[in-house]
Amino acid sequence: MPFQAPPGTEDVLPERVPLWLRVEEAVRRVFGAYGYEEVRAPVFEYTQLFHKSTGEVTDIVEKEMYTFGDAEESFSLRPELTPSIARILVEHSLFAKRNFWKLFYIGAAFRKERPQKGRLRQFHQLGVEAVGSADPALDAETILMFQHLLRDLGVTRYEARINSIGCPECRPAYRELLRKAIEPEIARYCENCRRRLGRNVFRILDCKACVALTEKLPPVIEHTCAKCKEHLAAVEKALAGAPYKVDPRIVRGLDYYTRTVYEFRSDLLGAQDAIGGGGRYDTLIRDMGGPDVGAVGFAAGVERILLCLDAAGAKIDASRPDFYVVAVDGSCRPEAFRVANSLRGAGLAGDLDFEGRSLKAQFRTANKSGARTVLVVGPDEMARGKVKLKNMQDGTEREASLDEARAILKGGTT
Ligand code: HAM
């Protein structure tokens with residue numbers, strides 16, 4: 001039985017790579033336009049980093065991390081990138097250089113989940129983190145930038161939902177309220193939620209199994225403090241004109257969020273309908289040993305964006321090579337090789353046969369490749385120090401020296 005890729009991983013075959021490049025190119029261009037700089041982090045970190053940031057009592061840390069190491073050191077493949085970015089800022093004392101950083105990333109992340117459409121064990125996130133400001137305009141900027149990216153890529157069928165989940169000032173009272181509301185009914189909740197009641201009652205709100213029960217609980221947005229309400233109002237003001245709606249049920253599955261949280265969903269995706277999500281995290285940088293500064297960011301799944309593009313029928317035209325060199329017989333192959341390499345050295349793109357195929361078959365390949373010009377290297381041409389150029393658009397032929405052929409191809413005419 002031949003090997004198969006592990007479940008929940010995806011191979012990107014050559015025909016799909018142009019779509020990936022299109023997303024990556026759009027990310028660099030759009031995020032760059034808003035002043036974000038790219039940063040790259042290792043794919044694994046000390047396990048403790050995720051316990052302290054993503055949160056001990058979250059699905060991700062409790063059951064979805066790939067962890068390895070020995071008695072002394074435990075490492076985990078990153079299930080998300082925000083903790084790494086927080087670590088990088090603190091470890092490299094970046095705040096000594098500047099108080100405010102706008103960073104973006106694209107990279108693999110790993111979660112041990114049950115694979116299904118849009119839910120992988122190795123997936124890729126593109127994301128941003130704006131660190132060093134509590135300005136609500138920055139929350140809005142990240143949302144608008146996410147929308148800009150999707151528009152640029154041609155993803156139009158999605159919904160942006162935002163919510164406020166309070167801050168360290170107002171959350172303790174809400175947590176108490178929640179505990180009191182849940183406790184009398186706790187027997188009806190799932191095993192996970194029963195355990196979470198004492199440890200992290202807030203997480204019960206995003207339990208998929210208990211939605212029928214949690215739906216009736218008081219939404220956090222109705223129990224935030226005046227400052228949180230003011231913050232949300234300012235975010236909404238800055239978002240004026242952009243498509244979004246407030247959804248009191250968005251709580252997100254990670255522990256570090258404060259105030260604004262948001263999710264982008266698309267009905268093109270099926271059950272795993274989140275294209276991306278994010279929010280503000282005003283205490284994480286301090287908790288990681290950095291200064292007491294506000295921060296906000298989001299991440300989106302590249303594979304989910306590609307699913308949206310597929311559903312919209314996005315295609316990328318394969319680029320056409322400049323030339324294909326055919327050798328009339330075996331004796332001409334070394335010269336055909338020299339001709340092709342000389343043209344590539346001049347910045348032209350093209351190929352030649354490496355399978356010992358007949359002249360006819362070489363022409364078929366040339367045709368299929370979409371090459372604009374075919375260069376024929378034969379014994380007669382070689383004797384005259386020339387090659388034959390065939391223009392594949394109009395079928396015209398001419399003879400030229402290699403130097404002339406290079407100039408002709410560079411000029412774009414045959
Ligand atoms: P998240 O909501 O856990 O947030 O993940 C962000 C996005 O990553 C999801 O909306 C989804 O598109 C994609 N994703 C997550 N898990 C999978 C999976 N198993 N398979 C395929 N795609 C997946 C975060 O990770 C936060 N770090 C976002 C953030 C940045 N918040 C602040 N800054």
Side-chain angles (χ1 to χ4, degrees), residues 2-3 5 10-30 32-33 38 40 106-107 124 152-154 302 306 309-310 313-414:
F3 283 113
E10 256 179 24
D11 300 316
V12 183
L13 298 183
E15 69 205 33
R16 294 284 289 171
V17 170
L19 271 171
W20 277 79
L21 292 177
R22 177 155 136 201
V23 173
E24 290 168 14
E25 183 273 323
V27 163
R28 294 199 166 88
R29 183 163 35 78
V30 174
E38 184 166 355
R40 298 182 188 197
I106 317 176
H124 295 77
D152 193 282
L153 288 168
V302 176
L306 293 177
L309 288 177
D310 289 342
K315 286 250 167 355
I316 302 237
D317 289 341
S319 64
R320 293 178 60 186
D322 299 303
F323 68 84
Y324 193 90
V325 184
V326 305
V328 171
D329 60 35
S331 73
C332 308
R333 285 183 177 266
E335 178 62 6
F337 185 78
R338 196 180 73 85
V339 167
N341 277 332
S342 155
L343 296 175
R344 291 162 178 159
L348 294 157
D351 215 344
L352 74 163
D353 175 61
F354 288 98
E355 298 165 84
R357 307 179 77 204
S358 70
L359 185 58
K360 213 166 139 195
Q362 289 179 60
F363 262 104
R364 263 203 309 274
T365 309
N367 236 328
K368 255 208 212 142
S369 78
R372 291 167 214 282
T373 307
V374 172
L375 289 91
V376 185
V377 179
D380 299 346
E381 288 87 359
M382 272 169 67
R384 289 194 291 275
K386 306 261 174 172
V387 288
K388 190 155 76 192
L389 271 63
K390 179 167 183 191
N391 181 323
M392 297 303 276
Q393 258 117 43
D394 58 19
T396 54
E397 293 183 356
R398 64 195 282 193
E399 229 174 57
S401 69
L402 181 54
D403 283 346
E404 286 163 352
R406 203 185 297 116
I408 292 167
L409 260 67
K410 292 280 283 180
T413 52
T414 309

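Quick note: numbers below take in every heavy atom, side chains included, and nothing from hydrogens, waters or symmetry partners.
- We find the CG-CG distance between Leu348 and Leu409 to be 5.5 Å, quoted to the nearest 0.5 Å.
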What's the verdict on side-chain contact (heavy atoms from CB on, under 4.5 Å) for Asp351 and Thr365, showing C-alpha distance, side-chain angles and the deciding distance?
CA-CA 10 Å; Asp351 215 344; Thr365 309; over 6 Å; no

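- In this structure, Thr373 OG1 and Lys390 NZ are separated by 11.5 Å, a value rounded to the nearest 0.5 Å.
- Taking Asp310 as the reference, Arg16 meet the salt bridge (Lys or Arg N to Asp or Glu O under 4.0 Å) condition, with sequence neighbours excluded.
- Distance check, rounded to the nearest 0.5 Å: NZ of Lys410 to CZ of Arg406 gives 9.5 Å.
- No hydrogens or angles considered: a donor-acceptor pair under 3.5 Å links the side chains of Asp394 and Thr396.
- The CD atom of Glu381 sits 10.5 Å away from atom CG of Leu389, with the distance rounded to the nearest 0.5 Å.
- Using a 4.0 Å cut-off between a side-chain N of Lys or Arg and a carboxylate O of Asp or Glu, Arg338 and Glu335 qualify as a salt bridge.
- Using a distance-only test at 3.5 Å, with no hydrogens or angles considered, a donor-acceptor pair links the side chain of Asp322 to the main chain of Ala349.
- Counted within 6.0 Å of CZ on Phe363, heavy atoms from surrounding residues, nucleotides or ligands total more than 12; the atom is thus considered enclosed.
- Atom NZ of Lys388 is separated from atom NZ of Lys386 by 14.0 Å, given to the nearest 0.5 angstrom.
- Note that CG of Asp152 and CZ of Arg22 are 8.5 Å apart. Values are rounded to the nearest 0.5 Å.
- For the pair Val339 and Ser342, the minimum side-chain heavy-atom distance is 4.5 Å or more.
- Annotation for Leu359 and Ala327: closest pair CD1-O, 3.8 Å, computed over non-hydrogen atoms.
- Inter-residue side-chain proximity for Ile106 and His124 is flagged as unmet; no heavy-atom pair is nearer than 4.5 Å.
- In this structure, a donor-acceptor pair under 3.5 Å is present between the side chains of Arg344 and Asn341.
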Determine, step by step, whether Leu375 and Leu343 satisfy the side-chain contact (heavy atoms from CB on, under 4.5 Å) criterion, reporting the C-alpha distance in whole Å, the side-chain angles of both residues, the deciding distance to 0.1 Å, and the verdict.
CA-CA 11 Å; Leu375 289 91; Leu343 296 175; 3.9 Å; yes

Working for side-chain contact (heavy atoms from CB on, under 4.5 Å), residues Val376 and Val328
CA-CA 7 Å; Val376 185; Val328 171; 3.5 Å; yes

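- A distance-only check finds no donor-acceptor pair linking the side chain of Gln393 to the backbone of Arg372 [under 3.5 Å].
- The main-chain N or O of Gln362 is never found under 3.5 Å from a side-chain atom of Tyr324 such that the two would form a donor-acceptor pair.
- Between the Asp11 side chain and the Leu13 main chain, no donor and acceptor come within less than 3.5 Å of each other.
- In Arg29, the CZ atom is crowded: over 12 heavy atoms of neighbouring residues, nucleotides or ligands sit closer than 6.0 Å.
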Test Arg333 against Leu352 for side-chain contact (heavy atoms from CB on, under 4.5 Å), laying out the working first.
CA-CA 9 Å; Arg333 285 183 177 266; Leu352 74 163; over 6 Å; no

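- The nearest pair of heavy atoms linking Pro321 to Ser369 is CD-O, 3.1 Å.
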